[in-house]
Each structure stands twice: as structure tokens, then as C-alpha cells.
Amino acid sequence: MTLHSADVARFSWRALIGYPARTLLMLVAMAIGVGSVVVLTALGEGARGYVTGEFASLGTNLVVVLPGRSETAGVNPGAMFGETPRDLTLDDALALTRSGRVRRVAPLNVGSVSVSYGPRSRDVVMLGSTAEMLPVRHWTMAQGSFLRVSDIDRALPVAVLGQTVRDELFGAERALGEWLRIGDRRFRVIGILESQGRSIGVDTDETIIIPVAAAQQLLNTRSLFRILVEARSREDIEPVRDFVEATIAERHQGEKDVTVVTQDAVLSTFDDILGALTLAVGGIAAISLAVAGILIMNVMLVAVSERTAEIGLLKAIGATPRQILLLILAEASLLSLLGALLGLAVGQASAFGLRLALPILPAYPPNWVIAVVVAIAMVTGVVFSLLPARNAARLDPVLALSRR
Amino acid sequence: MIELSHIDRHFQVGDQLVKALDDVTLHIGAGEYVSIMGPSGSGKSTLLNLIGLLDRPTAGRYRLEGTDVTALSDVEQARVRNSQIGFVFQMFHLVPRLTAAENVELPLLLAGMAAEERRPRVDAALEALGMADRAHHKPEQLSGGQRQRVAIARATITEPRVLLADEPTGNLDHKSGGDVIAILEGLVDAGITLIMVTHDPAMGGRARRQLKMMDGRLASDETGGPDDTA
């Protein structure tokens with residue numbers, strides 16, 4: 001004697017709508033549990049999206065090339081022959097532009113210089129770079145323009161100032177178009193950077209930016225401090241890293257004398273931390289699901305004792321204990337499923353409200369959370385109904401029928 | 001067809017042993033119309049439940065159509081109840097949230113019969129009891145007599161050989177009680193074996209065979225009701 005699943009579903013459905021107060025109570029409990037998991041994970045995901053987004057604004061898909069090999073420890077065999085790691089040069093930087101996966105390349109020189117305008121003078125950090133630096137670092141201009149695109153080795157006498165440098169040298173005076181002095185050379189101010197806040201190591205407000213070739217002349221060096229390479233997409237980061245290593249090695253007679261750092265590695269650490277946070281918050285919310293499970297057990301126990309006569313009757317007309325068990329569990333599963341769907345609707349609506357209220361927070365619940373939370377709701381509903389269902393299956397029909 | 005031999009059914013209530021059935025031996029043939037009477041506590045309901053496989057004897061043997069049903073498992077007993085035994089209760093025991101037709105359908109549903117196969121049988125059963133126009137009413141919308149007719153339709157939908165009725169008119173007024181008895185006696189005429197528990201002598205007296213219970217024992221077993229003398 002096997003029940004048809006359509007009959008089981010219909011019977012369970014009739015049982016649910018037959019006791020609307022009880023059904024509503026359990027639906028609400030389940031919906032609160034599921035809804036809070038959805039909302040809280042959406043919130044966690046939103047926070048993660050926000051932080052990684054902020055971090056990515058330092059530069060997107062960056063691969064940073066440093067001269068020297070950081071792993072080299074102890075006695076460098078090169079040292080025996082009086083060799084030192086080769087410098088990174090502007091030609092190296094140019095060579096790195098020759099890949100379809102590379103969007104931009106920005107060479108970088110850094111030095112401390114004395115800048116003066118009229119009687120005022122100040123020691124600042126000088127960055128030597130190219131026009132590419134602005135988009136690579138996602139900087140924005142307050143006034144004027146950034147370094148213009150030109151040949152990489154042209155030492156144009158132009159400078160872009162950070163806010164603090166501008167204030168200290170020019171005060172209330174107009175800075176744009178004025179000539180100032182760096183070391184023994186004169187540079188014309190062509191732009192003022194907007195304040196970017198402190199971004200990993202460099203406070204742009206305290207810097208002055210000039211063409212890389214001019215910086216090299218001032219610092220009297222051919223070597224670059226860094227080369228910033230921007231890959232076209234996140235997927236391109238690893239190929240670009242390999243390309244950079246291969247290209248530099250080829251240009252340096254096979255020596256792997258540079259260190260290549262990807263921003264991805266740092267970003268993924270942040271990602272991991274915030275992902276774990278989301279998981280923890282979601283886990284705490286999942287406790288409310290367990291509470292819903294206990295409520296389901298209580299309500300199903302009451303349901304079984306309320307329906308004792310009905311269960312006795314089902315036994316009298318030939319229901320086996322298994323069939324009774326199946327009917328009660330089907331009812332609980334149906335209830336859990338409906339509760340979970342209601343909870344998803346509530347959770348998604350709340351997440352939507354959250355996104356409206358805080359547009360900077362991309363609060364979307366992850367898809368896997370939705371799948372998992374529905375599964376947990378179903379399992380909880382069924383597991384906590386096992387005891388009531390077993391009680392029902394074991395009812396003595398004679399006693400059950402004599403109850404009124 | 002029903003053979004009970006030396007059946008005991010004892011309950012332990014506190015430190016007292018209650019002998020609800022004490023060494024009952026009884027044979028009921030196919031197509032018989034039997035009433036069981038006796039004061040409350042005499043064991044008549046226990047006897048009916050035992051015949052209906054809702055209860056197991058403490059000792060003794062029960063053979064139904066030649067099969068020793070006391071030895072069957074719970075699942076096998078459920079199957080026998082479904083296909084060979086029909087129950088009619090004093091309290092009707094209809095499922096309140098299901099319609100008349102759905103209540104009648106239940107035994108077939110439990111037997112795993114397909115929906116399209118069940119429908120004509122349910123319709124026919126309700127039709128036969130004059131309940132076709134009430135098929136989609138809930139029990140609360142039906143009178144007591146109508147409810148009991150739905151219960152009879154449900155009890156007979158699997159075409160059982162035995163129909164067990166426990167005070168079937170106990171909750172009905174005189175008229176609808178009479179209607180229900182007429183329906184049950186009609187089923188007897190069609191060949192079913194009817195065993196009815198009642199404490200109403202007028203009702204019990206209509207049966208061709210009348211059993212009287214007293215303190216868990218068969219006090220008397222008389223054949224020859226008004227039907228025979230008529």
C-alpha cells in the first residue's frame with residue numbers, strides 16, 4: 001500500500017488550511033528565521049562589497065613590479081662576481097605595455113626633494129611618473145590638469161601639487177601657472193590634485209608629481225622605484241604577472257631580479273576576512289531557525305494530540321504506522337517550505353529596502369545562502385517533526401478513537 | 001468466518017487486573033447479523049475492537065476467514081482492516097476539514113488507488129446512500145444522520161466482508177437512527193456480516209443473533225430475532 005504523492009500533498013495542504021491559526025504561527029516563525037539569515041548575510045555581503053570596492057579604488061587589478069628579489073637571502077651568488085640586481089628602467093616599463101592583457105603601465109620614481117616658491121620652501125615627497133598614473137591610482141584633479149601624455153623620456157618642466165603642498169607654498173595665492181623650484185630646476189604648476197585621503201603608504205596631499213624623466217634627472221638615476229601595471233580584468237592578473245616576469249627576465253639576460261606583487265593577493269585576504277564575518281553573522285541568524293524548529297515541534301505535538309481521533313480513524317480504516325508518519329512529515333515539510341519561501345520574500349524585500357536606504361552598501365544575499373537556508377529550513381522542519389510524527393504513528397487506535 | 005477461541009483481554013489499571021474479556025469463544029458466520037449488548041464496562045466494545053483488529057488479545061486465538069490474524073504484523077493488520085473490515089462509530093469520526101466525498105475516499109487513498117479510479121466508486125457509494133448532492137459538503141454542514149451515512153459509505157467503499165458498528169445510532173434522534181439502521185440492515189441483506197454494539201434493547205433486538213456480555217464473559221447467545229419470527 002503506497003500512497004500517491006499527489007494525495008499526500010493534497011492531504012497535507014488540506015491539513016494546513018484546515019488549521020489557519022496554527023499554520024500562520026509556524027509560517028511566521030519560519031519566515032523570521034529564514035528572513036533574518038537572508039538579511040544579515042546580505043548586510044555582510046554588502047559590507048564586503050563596500051570594503052573591497054574601496055580597496056579596489058586604490059587601483060584596480062594592479063600588478064606591482066619592484067626591483068630586486070625579495071626572496072634572496074644569505075649570500076647572493078651574484079655578489080661573488082660583483083654583480084648587483086639590474087635596475088628597472090624606463091625601457092623595461094615600455095616593454096611591459098606590449099601585451100593585450102595590460103591596460104596601462106605607470107613607472108614610478110620616488111624621492112625626497114626641497115621645493116621652493118619665492119621665500120617659502122618645503123621638503124616633500126616627489127613622485128616621478130607619467131599621465132597613466134592618474135587613472136591607475138583612480139586619482140582625481142581639483143584644478144588644472146595632470147601630466148599630459150608624451151614620450152616617456154621627455155623631461156618636461158611641469159608639476160602637479162598635492163593639496164597640502166599647494167597650501168603651504170602658495171597660501172591663498174593662485175598656484176596654477178606659477179613657476180616653482182625643485183632642487184636646481186624650475187617647474188610650472190599645471191594642476192592640483194584633489195585630496196585623496198591616505199592610500200596605503202602615500203599621502204598624496206604631501207606630494208608633488210613631475211614627469212618621470214625629469215624626476216630621474218633630479219635624482220640622478222636611471223632606475224625606477226616601481227612599475228605599476230594595470231591588467232584589463234581580474235582574470236588577466238595572473239597572466240599579466242607571468243608576462244611581466246618573463247619580459248623582465250628576457251630583458252635582464254634571464255635573471256629573475258624583480259619582485260612582482262599582485263594586488264589580488266591583498267584583496268583576497270580582505271575578501272576572506274569579510275566573507276568569514278558574513279558567515280558568522282549568518283550563523284548567528286541561523287540560530288533563529290533552530291528556535292523556529294523547536295516551535296514547529298511544539299505546534300506539531302499539539303496538532304497530533306488535537307487530531308488524535310483523526311489519527312485513530314486513519315488507523316481504523318487501514319493506515320499503516322508508516323503512512324501516518326509520512327502524512328505528518330509531509331505536512332511539516334510543506335509548512336517549512338512555505339515558511340522558507342515567505343522568509344525569502346521577506347528577506348529579499350528587506351535587503352532591497354536596505355539598498356534603498358544605504359546605496360553605498362551593495363546588500364545582496366549570496367545565492368548559495370538562499371539555497372542553504374531553504375535546505376536548513378526544510379531539514380529543521382522535518383527533523384523537529386519526527387518526534388510528533390512518531391508519537392502519532394504509535395497511537396493506540398482504541399484510545400485515540402475513544403477520545404472526543 | 002470469525003472464529004474467536006478462548007480470548008482474554010486483560011488490562012492492568014494501577015495494581016488491579018481488569019479482565020475486559022475473559023475466555024470468550026465465539027463463531028460468527030458470513031452474512032450474519034449480530035448485536036452485542038450489555039451494560040457499560042461489560043466488554044462489548046473491547047470485543048468489537050478486537051474483532052476489528054484495533055486491539056490485540058492478551059491470550060487466545062482469532063481466525064478471520066481462516067487466517068490467524070493475531071499473528072499478523074501491524075502493517076498486515078492495517079491491510080486487513082483496510083480491505084476486509086469496515087467501521088461505523090457512534091461519533092461518526094469524519095475528518096472535519098475534508099468534504100463528504102473526500103472522507104469516503106480515504107480508505108481507497110490509503111490503499112494506494114489512483115485518483116481517477118477512486119472517483120466513480122466514491123460517487124456510486126454516495127449515490128447509493130442518497131448523499132450525492134451533499135458530496136462537497138463539509139461534515140459540519142451535514143446533519144447527524146447525514147454524517148453517519150457518509151461514515152457508512154466510507155466503511156463500505158472497499159467492499160469489506162465485515163461491518164463493525166459501535167453504537168451507530170447513539171448520537172442520532174429516533175428518526176435518523178431508524179434510517180441508519182435500515183441502511184445497515186440493507187447491507188446485511190446484500191450479504192455483509194454486521195456486528196453491532198448497542199445498549200438499546202430495541203435496537204439490539206432487531207438482530208437475528210443477540211449476544212449479551214457481562215463482566216467480560218458472554219452471558220447469552222440467542223438466535224432468532226424479530227426478522228426470523230416475522
Side-chain angles (χ1 to χ4, degrees), chain A residues 1-24 303-328 330-331 334-335 389-404, chain B residues 9 11 20 45-46 48-50 52-56 73-99 102-118 138-140 151 154-158 160 164 166 171:
Chain A
M1 303 212 294
T2 45
L3 290 167
H4 293 282
S5 44
D7 289 332
V8 174
R10 203 163 49 95
F11 193 85
S12 306
W13 174 249
R14 298 302 290 267
L16 292 189
I17 57 175
Y19 302 89
R22 171 174 81 86
T23 304
L24 204 68
V304 165
S305 69
E306 264 179 358
R307 277 195 265 157
T308 300
E310 176 187 326
I311 291 158
L313 167 89
L314 287 177
K315 288 198 155 189
I317 61 176
T320 62
R322 275 184 79 101
Q323 286 178 326
I324 304 271
L325 197 77
L326 180 72
L327 287 173
I328 301 282
E331 196 177 319
L334 191 62
L335 203 51
R390 208 194 50 173
N391 284 356
R394 285 184 179 177
L395 268 180
D396 177 354
V398 174
L399 289 178
L401 284 166
S402 66
R403 281 247 224 125
R404 31 196 85 168
Chain B
R9 182 66 177 104
F11 298 99
S45 284
T46 306
L48 196 75
N49 289 334
L50 214 134
L53 295 176
L54 293 178
D55 202 357
R56 286 173 184 270
S73 71
D74 284 353
V75 175
E76 288 164 329
Q77 286 201 346
R79 215 161 283 167
V80 172
R81 280 200 298 274
N82 184 261
S83 59
Q84 298 186 38
I85 301 171
F87 288 94
V88 177
F89 305 96
Q90 180 180 1
M91 301 295 294
F92 320 128
H93 284 304
L94 298 178
V95 180
R97 58 176 187 279
L98 300 182
T99 64
E102 285 167 333
N103 267 290
V104 173
E105 189 180 31
L106 274 178
L108 300 180
L109 186 149
L110 290 172
M113 187 184 281
E116 53 275 19
E117 211 178 325
R118 300 196 296 256
K138 296 274 177 68
E140 63 192 15
R154 179 179 63 194
T156 52
I157 191 77
T158 56
L164 306 176
D166 192 352
N171 270 0

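Proteins come first, then strands; the chains are lettered A, B, ... in the order of their sequence lines, and each starts at number 1. Hydrogens, waters and symmetry mates play no part in the numbers below; they use all other heavy atoms, side chains included.
In this structure, chain A has a heavy atom under 4.5 Å from the side chain of B:Glu102, while its backbone stays farther away. Interface residue A:Arg307: only side-chain heavy atoms are found under 4.5 Å from chain B. Neither the backbone nor the side chain of B:Leu94 comes within less than 4.5 Å of any heavy atom of chain A. The contact between B:Arg118 and chain A is made entirely by side chain atoms (from C-beta outward), counting heavy-atom distances below 4.5 Å. Neither the backbone nor the side chain of A:Ile17 has a heavy atom closer than 4.5 Å to any heavy atom of chain B.
For the atom pair B:Phe87 CZ and B:Leu48 CG, the distance stands at 7.0 Å (nearest 0.5 Å). Here the straight-line distance linking atom CG of B:Asn82 with atom CD of B:Gln84 works out to 10.0 Å at 0.5 Å rounding. Of the inter-residue distances, the one linking B:Leu164 atom CG with B:Ser45 atom OG reads 11.0 Å to the nearest 0.5 angstrom. One distance of note links CG of A:Leu395 with NZ of A:Lys315; it measures 6.0 Å at 0.5 Å rounding. We find the CG-CZ distance between A:Asp396 and B:Arg56 to be 11.0 Å, quoted to the nearest 0.5 Å. Atom CG of A:Leu325 sits about 10.5 Å away from atom CG of A:Asn391, to the nearest 0.5 Å.
Contacts between residues 5-14 of chain A and chain B, counted as heavy-atom pairs separated by less than 4.5 Å, involve A:Asp7, A:Arg10, A:Phe11, A:Arg14.
Proximity of B:Arg154 to B:Pro107: side-chain heavy atoms (C-beta onward) are separated by under 4.5 Å at one or more points. At a threshold of 4.5 Å between non-hydrogen side-chain atoms, the residues A:Leu3 and B:Leu110 count as touching.
Here B:Met113 is the residue among B:Met113, B:Glu105, B:Glu76 with the most heavy-atom pairs under 4.5 Å with chain A. Residue with the most contacts toward chain B among A:Gly18, A:Gly312, A:Pro321, A:Pro397: A:Pro397 (heavy-atom pairs, distance under 4.5 Å). No other option in B:Ala115, B:Ala114, B:Gly86 has as many heavy-atom pairs under 4.5 Å with chain A as B:Ala114. When B:Asn49, B:Leu109, B:Leu98, B:Asp74 are compared by the number of non-hydrogen pairs under 4.5 Å with chain A, B:Leu109 comes out ahead.
Under the 30°/60° scheme for interplanar angles, the aromatic rings of B:His93 and B:Phe89 are found to stand perpendicular.
Other residues, nucleotides and ligands place more than 12 heavy atoms under 6.0 Å from the CZ atom of A:Arg22.
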